[in-house]
Amino acid sequence: MQYNHQEIEKKWQKFWAENQTFKASNFSHLPKYYVLDMFPYPSGAGLHVGHPLGYIASDIYARFKRHKGFNVLHPQGYDSFGLPAEQYAIQTGQHPAKTTEENIKTYRRQLDKIGFSFDWDREVRTSNPEYYKWTQWIFIQLFNSWYNKNTEKAEDISTLISIFENEGNINVNAVCDTEIPEFSSEDWKYFSKKQQQEMLLKYRLSYLSDTEVNWCPALGTVLANDEIVNGVSERGGHPVIRKKMTQWSMRISAYAQRLLDGLSTIDWPQPLKDSQTNWIGRSQGAMVEFKIQNTEFKISVFTTRPDTIFGVSFMTLAPEHELVSQITTPEQKAAVEAYIESTAKRSERERMADIKTISGVFTGAFAEHPFTKKPIPIWIGDYVLAGYGTGAVMAVPCGDQRDYDFAKHFGIDIPNIFENVDISEAAHADKEGTVIANSDFLSGLSYKKALQKAIEALEENGFGYGKINYRLRDAVFSRQRYWGEPFPVYYKDGMPQMIDEKHLPIVLPEVEKYLPTEDGKPPLGNAEVWAWDSKNCSVVTNQLIDNETIFPLELNTMPGWAGSSWYFNRYMDSKNADEFASKEALNYWKEVDLYIGGSEHATGHLLYARFWQKFLFDKGFVPVDEFAKKLINQGMILGESAFVFKATYFVKNGCDIDKSNDDILIKIPVVLVSKSLFNSDDDFERVVKNYLLKNNFLNQNNENLLMIVRTPLHTDVSLVNSSNELDIEGFKKWRAEYKDAEFICEENDRDSSRAVRTYKVGREVEKMSKSKYNVVNPDEICEEYGADALRLFEMFLGPLEQTKPWKTSGISGVYSFLKKLWKLYHSGENGTFYVDNSPPLEGLGEAFKTLHKTIKKVTEDIENFSFNTSVASFMIAVNELTALQCNKRAILEPLLILISPYAPHISEELWHKLGHDTSISTAEFPVFEEKYLVESTKNYPVSFNGKMRFTLELSLDLSVSEIEKAVLNHEKTIAQLQGKSPKKVIIVPGKIVNIVE
RNA sequence: GCUGAAGUGGUGGAAUUGGUAGACACGCUGGACUUAAAAUCCAGUGGGCAGUAAUGCUCGUGCGGGUUCAAUUCCCGCCUUCAGUACCA
């Protein structure tokens, strides 16, 4: 009987679905294990073979854990809000919900083909109102909370209100907006309702604030830094301006320290932890205030080096700094304004990337040094960014290379405040071993002591204070988009009001157009039924807005990361209509035990999700404050692009050009040259010229007029076979413009009866993408080789975490492995199923050795997520058992369980043929027994000076001196030594022998 | 610039408490089967040199040093590629 993957895989996928084999129970005596994939955004392009890599790994692990006796939760769902669906809606007018639904269907169909052990009953979709109801609910919880630094946790806003009522805000230690005026309990009582609400907003964890954004008036939208090139939008090239916009923000900065501390409690990859650490960017230093001479203004700066305060010789402000316009002197005004204008055109990213050009302008104003009272010139420079710190730096050129370069460039003083340090060439940024000089009371002190003393002095004199600063900025939570979660918010008297939880979800309204409105409002501004009737608690038509009982609703929607910041909790109890998840479910599953996904989410999704989890933990909604114990980043699978090589012609300059030359270009055809015919540009040119001469498109006279350039063109990889040969007819059909092109091929006429013409393409490894025509669809692989082969091959490609190229030709290796495996169980007549049920006999030692060697290796490999090496050991096992002609049930049955996490369909089929009527998925994983691997001899490698010369089989019972004797008496040793006596003999019993000559 | 990861045959990769480099697979070459092809099976396959051959020698894990009886593995210094990215003051 032949191995028929299509039949087998269909059969078992159906069986698993019908029997709900992988349904996870929230009540079990078994230990729990929660394996999660980062859920996909269902794009219109469908899955390519790169996508399932992580899913296959997590599925293998989930199946392994089931074999090991765990109650496994392995869900899947869709991050189904997102920009591509919206853009498609703008282009085609189709509702994003519709296209998203279609895309999800495609994804599901593709995923089902690969044989994942997902519990689909728990599927979530972030765009589903039953789901985003709880996203809105969490938003309300955040709005109703503030961060108390005394208790180091989020608390209900009511506790803050009662503090205000009793003592005002003087003793409140909260994470909040900067520069909140102090008020007493009396003041609070006299505040109007609106004033009170305004004040509370400064403390809430989700709050409204004016944020600077990149506004593109032509597109009516806000752009990300990387969507802006040279000050204009990447799409369309429209001008972009910086604009302040009132937007929702999340006070993630409140959690900066806890997000940092939590990293040491979770088993995540170090590079990922590093990037979160750097993103949060904790730095210890001091805030220092500088008075501006002849004004009442002050400039606050944060510095990590208050010990170098006597080295300050100028200050630099960001061009956008609010004081710039007020302190600039009339003489400098024109220069400053011109500079501000020029920097406004540069994106933040550009300004940051460019470290070579030094630019800046003097404002004409002077600050006063807090200790020396000396005047300090105030400059502006675009290397200082408004959004970071206070948007101002105290420049210490002798201790900071950037400041040094700036000072050198503009001829500013560079005072040296370090003992015995030469700063004529470069700044001295080292801290260790540095002694401060020329610094009044800090002179003679080491860096550490000076730092401490400087902060003390700042605090004593009221010039500043010690501070820990974080780079992490509060997260903007508003998007001017349609296809996202609506806010459960309406506006009364300009103040945001939360809609009561019991009226959630607030469902996304229908709109005519998905574009921003003509007056620049977000797409929800197009909705006609988008007002809140606070009496009847329902969404009503805008015409009824009276601002008495019926109010306008929020027009922004939530960002992409909202729904993904808590979905892992929803899977625990995905159908619960009363809570985001029940207490029982949350307390049973607690957190994700293994989370697999890409490293590109390091500072987005993974940071926000940790933030929300900590918040939910503070409020007692979840039992743990880190949502994922262990995380693995799977690497990207790259595509193997294929190229044809087109000849592009130019008439050479400097020649006598007459009309006939144009004729040359007109009459010569489009020529595509096989990669096998050239290795260099010269080869290429020669091949093309030979062709043109031979076919009289060119004659010897005009040959020299022509310049031939090679242009590689991407070709669809599905038109290329595993030997890199192009399907020429297919290519012509695919690209009609080349239907008359001439393909210069390799003439392969060994067999004179049939000359074979082959066109070989060039290959290059690139990211898999539609535009490069190198996308390989998993459906086609499943069709031709089966899901088991796909799963094995994706794992076999290389280490999970690594980036690696996909090469479809390699899949034949795992496919023939599956066929060999199948054969092992079909040793009957004419290949019928047969296993020998007799108990193991003498002489089965080798087969048991193979089995247990494999059990050991595979168990270790799975636990180390080294899936590629276990596939190799399966191959070795099957090769060895085939050689042994092993057909014993005692070997073949446990072998099947080992393989089943990787290749579940074939394993399930053979398992049932072995006589089982329940799924293999819960069969107990075989246990490794040392006794089968015990050896009595060792084939010792014998080295001379570390170079292996021969091997020698010796009993493992021998003592060191017996081994030495045996080795030294061996004829090959004697020959090798040529009569010399060895200087030293190193023997590691059971490992090696090394003789030093 | 900074941070992180990685450099091993024609290709993907294997081997690190230092101990036989190249497992396993692709590809390639030769052979068997076939009218032929596919499929399948068998053998060979890092480079160089010597030998009819068995075999032996030699070089070899990005480069240059070092430690060691022994280095792909440890240390120092460089180079290259990929990814991320913050001038964080």
Side-chain angles (χ1 to χ4, degrees), chain A residues 269-275 277-283 285 301-305 308 315-316 348-349 351-356 381-385 387-396 399-403 405-406 469-473 599-600 602-603 633 635-636 638 640 722-724 751 753-754 763 765 792-793 796-799 801-814 816-817 819-820 823 866 868-876 879 939-951 975 982-988 990-997:
Chain A
Q270 196 55 44
L272 197 157
K273 288 188 183 182
D274 290 347
S275 71
T277 304
N278 293 334
W279 192 263
I280 294 167
R282 182 186 202 269
S283 51
V301 302
F302 177 77
T303 173
T304 53
R305 295 292 304 274
T308 62
M315 298 187 73
T316 314
E348 204 172 76
R349 181 162 293 182
R351 281 165 63 176
M352 292 183 292
D354 181 13
I355 56 162
K356 290 197 180 94
D382 69 1
Y383 74 95
V384 179
L385 300 174
Y388 294 125
T390 61
V393 302
M394 61 174 227
V396 183
D400 182 292
Q401 194 57 44
R402 252 179 2 253
D403 295 343
D405 294 340
F406 194 90
N469 214 40
Y470 298 93
R471 188 197 89 119
L472 185 68
R473 284 184 272 181
S599 57
E600 68 272 22
T603 51
N633 289 130
M636 207 190 333
L638 302 173
E640 205 195 12
S722 58
S723 306
N724 291 340
D751 184 349
S753 64
R754 266 181 321 275
R763 291 286 202 172
V765 170
L792 283 169
F793 187 54
F796 191 59
L797 279 178
E801 299 90 332
Q802 234 166 70
T803 303
K804 49 212 171 271
W806 174 271
K807 238 186 173 175
T808 303
S809 58
I811 203 167
S812 64
V814 293
S816 57
F817 158 75
K819 285 192 280 193
K820 282 187 215 166
K823 262 195 182 162
S866 173
N868 54 327
T869 50
S870 37
V871 177
S873 56
F874 292 144
M875 289 174 172
I876 294 168
N879 289 345
N939 196 21
Y940 280 96
V942 181
S943 304
F944 291 79
N945 295 330
K947 278 176 194 156
M948 209 279 285
R949 294 300 177 191
F950 63 92
T951 58
K983 280 188 192 142
K984 204 171 174 185
V985 179
I986 286 139
I987 292 164
V988 184
K991 285 218 160 158
I992 53 108
V993 176
N994 189 19
I995 294 164
V996 187
E997 288 180 63

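Reminder, nothing fancy here: chain letters follow the sequence lines and each chain counts from 1.
When heavy atoms are screened at a 4.0 angstrom cut-off, A:Lys983 is found touching no nucleic acid atom at all. Within 4.0 Å (heavy atoms only), A:Thr304 reaches sugar-phosphate atoms of the nucleic acid but no base atom.
Separation of the P atoms belonging to B:U20 and B:U73 is 14 Å when rounded to the nearest angstrom. Straight-line distance between the P atoms of B:G18 and B:C75: roughly 11 Å, to the nearest whole Å. Of the P atoms belonging to B:C63 and B:G9, the separation is 10 Å, rounded to the nearest Å. B:U72 and B:A21: their C1' atoms are spaced 7 Å apart (whole Å). Annotation: B:A5 and B:G47 have their P atoms spaced 34 Å apart (nearest Å). Comparing B:G22 with B:C76, their P atoms sit 29 Å apart, to the nearest whole Å. The separation of B:C82 from B:C28, taken at their C1' atoms, amounts to 30 Å, rounded to a whole angstrom. B:A38 and B:G46 have their C1' atoms separated by 32 Å, with the value rounded to a whole Å.
Although no hydrogens or angles enter the test, the distance criterion places no donor-acceptor pair under 3.5 Å between the side chain of A:Arg949 and the main chain of A:Ser943. Put simply, the side chain of A:Tyr940 gets close to the backbone of A:Gly990: a donor and an acceptor are under 3.5 Å apart. A:Lys273 contributes no side-chain N or O that, together with a main-chain N or O of A:Pro271, makes up a donor-acceptor pair within less than 3.5 Å.
Atom CD of A:Glu640 is separated from atom P of B:G27 by 12 Å (rounded to the nearest Å). A straight line from CG of A:Leu472 to P of B:U85 spans 15 Å, rounded to a whole angstrom. In this structure, A:Ile811 atom CD1 and B:C26 atom P are separated by 12 Å, rounded to whole Å. Rounded to whole Å, atom P of B:A6 lies 13 Å from atom CD of A:Gln270. In this entry the distance linking CH2 of A:Trp279 with P of B:C87 reads 11 Å, nearest Å. The CD1 atom of A:Ile280 sits 16 Å away from the P atom of B:U85 (whole-angstrom rounding). Across the protein-nucleic acid pair, A:Asn945 atom CG and B:C69 atom P stand 11 Å apart, rounded to whole Å. The separation between A:Arg471 atom CZ and B:C2 atom P is 17 Å, rounded to whole Å.
Applying the 4.0 Å criterion to OP1 and OP2 of B:G1, one finds that A:Arg402 has every side-chain N and O outside that range. OP1 or OP2 of B:U58 sits under 4.0 Å from a side-chain N or O of A:Arg949.
Residue A:Asn939 holds its CG atom at 11.0 Å from CZ of A:Phe950, rounded to the nearest 0.5 Å. The distance from the OG1 atom of A:Thr308 to the CG atom of A:Asp400 is 8.5 Å, given to the nearest 0.5 Å. With values rounded to the nearest 0.5 angstrom, A:Asn945 atom CG is found 8.0 Å from A:Lys983 atom NZ.
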Contact letters for nucleotides 10-25 of chain B, in which S counts primed atoms plus P, OP1 and OP2 and B counts the base, heavy atoms under 4.0 Å: -SBSSS---BB--BBS
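Using a 3.5 Å distance cut-off with no hydrogens or angles, the side chains of A:Thr869 and A:Ser866 do pair a donor with an acceptor. Under 3.5 Å, the side chains of A:Tyr383 and A:Thr316 contain a donor-acceptor pair of N or O atoms. A donor atom on one side chain and an acceptor atom on the other are found under 3.5 Å apart for A:Trp806 and A:Thr808.
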Strand RNA chain B as a dot-bracket string - pairs counted if Watson-Crick or G-U with both distances under 3.5 Å, | where the partner lies in another strand: (((((((..(((......[....)))((((((.......))))))(((((....)))))..(((((..]....))))))))))))....
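The nearest pair of heavy atoms linking A:Met394 to A:Arg305 is CE-O, 3.9 Å.
Syn is the conformation of B:G9, whose glycosidic angle sits no further than 90° from 0.
Where A:Val996 and A:Arg282 each meet RNA chain B at their nearest nucleotide, the meeting point lying more 5' is that of A:Val996. Both A:Asp274 and A:Ile995 sit near RNA chain B, but only A:Asp274 has its closest nucleotide nearer the 5' end.
Counting heavy atoms from C-beta on, the side chains of A:Val993 and A:Pro941 never come closer than 4.5 Å.
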